[in-house]
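One structure is given below, encoded as structure tokens.
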Amino acid sequence: MFTFKRKKQDVKLAKIPNHIAIIMDGNGRWAKKRMKPRVFGHKAGMDALQEVTIAASDLGVKVLTVYAFSTENWSRPQDEVKFIMNLPVEFFDKYVPELHKNNVRIVVIGDKEGLPKPTLDALERARELTKHNSGLILNFALNYGGRAEITNAVKLIAQDVLDARLNPGDITEDLIAAYLMTDSLPYLYRDPDLIIRTSGEMRLSNFLPWQSAYSEFYFTEVLWPDFDREALLLAIEEFNHRHRRFGGV
Ligand code: FPP
């Protein structure tokens, strides 16, 4: 049993999810409420991400996957896309040192092609700097789309069958999972135990459709920039009340 201090009372948690995945939604609305441009919300969203990552690391979470940019987000106004693409650069200078101190390892999933070079370079530097860290894995889903990920896996499998490296009979769920981008995560933690979406929206939006088959979902009205350690504890507390049966009884 893990006991954690919350502002009002202690919270007892029997289980900490190994893999938490978050759809960080509501940055734009958060900014609008403050009569600020949308990008102001993304900046505040980075602060929230830093707090939540360190809180998750303190709790012993193994993997935190965050949906930072989807393949559909390119349709946003160009200035906003440019701003979001520059966030990893700022993230590297301002936030990575503290994460590194906390033994956090940074990895990225998503289609790297199409990302601007400075964005890729900043992510690569973060990955390289933290690659020997043994603590929480912070997994950025950047230019990620779940259907594209599955489509790509099907293509690779088809090619391997064509080249006689694989028989159709060898295709199992485990084999398919090995062709997905989350294969780079530790085997036991590839699938999220808990998926959190902020800002009151109740959709998966093409986020980890294969990996979420048995995930628990937690939706909150809180806008992402306001999501903090307390909010994370609340989500995990709710997760502790769920009875996961994985299709059994
Ligand atoms: C969704 O809110 C948020 C995003 C599309 C961007 C999220 C990115 C971050 C929090 C920073 C990530 C950090 C790095 C280093 C990449 P929204 O704009 O859809 O909000 P709205 O629904 O209120 O308009």
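Ligands are counted one by one from 1 in listed order, and the atoms in each one are counted from 1 as well.
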Taking heavy atoms and a distance under 4.0 Å, where does R38 meet ligand 1: side chain, backbone, both or neither?
-> side chain

Per-atom contacts, ligand 1 versus M46 - under 4.0 Å to a heavy atom = 11 (C), 13 (C), 15 (C)

At under 4.0 Å between heavy atoms, what of F140 touches ligand 1? The answer is side chain

Taking the six-membered ring for Trp, are the ring centroids of F140 and F91 within less than 6.0 Å of each other?
-> yes

Residue-ligand contact E201/ligand 1, heavy atom below 4.0 Å | no

Got the closest protein heavy atom to atom 10 (C) of ligand 1, with its distance?
-> N27 ND2, 3.5 Å

Around atom 19 (O) of ligand 1, find the nearest protein heavy atom and jot down its residue, atom name and distance.
-> R76 NH2, 2.8 Å

When the ring planes of Y144 and F207 are compared, do they come out parallel, tilted or perpendicular, using 30° and 60° as the limits?
-> perpendicular

Within the 4.0 Å heavy-atom cut-off, what E72 brings close to ligand 1 is neither

So the atoms of ligand 1 within less than 4.0 Å of a heavy atom of R29 turn out to be 21 (P), 22 (O), 23 (O)

Within 45° cone of F2 ring axis and under 6.0 Å: K12 NZ or CZ | no

Of all protein heavy atoms, the one nearest atom 20 (O) of ligand 1 is G28 N, 3.0 Å

Heavy-atom nearest neighbour in the protein, as seen from atom 16 (C) of ligand 1, with distance rounded to 0.1 Å = A68 CB, 3.8 Å

Among N73, D25, I106, which residue places a heavy atom closest to atom 5 (C) of ligand 1?
-> N73

So which protein heavy atom does atom 9 (C) of ligand 1 come closest to, and at what separation?
-> M24 CE, 3.8 Å

Top protein contact for atom 11 (C) of ligand 1, by heavy-atom distance | L87 CD1, 3.7 Å

Does G26 have a non-hydrogen atom less than 4.0 Å from ligand 1?
-> yes

Nearest to atom 4 (C) of ligand 1 by heavy atom, H42, E90, K33: which?
-> H42

Any side-chain donor-acceptor pair under 3.5 Å between N133 and H100?
-> yes

Using the ring of F92 (Phe, Tyr or Trp, six-membered ring only), decide whether R125 places NZ or CZ under 6.0 Å from its centre and within 45 degrees of its axis.
-> yes

Is a donor on one side and an acceptor on the other found under 3.5 Å between the side chain of N206 and the backbone of G146?
-> yes

State whether the side chain of N103 and the backbone N or O of S134 hold a donor-acceptor pair below 3.5 Å, judged by distance alone.
-> yes

Sub-3.5 Å donor-acceptor pair from the side chain of S199 to the main-chain atoms of L223, do we have one?
-> no

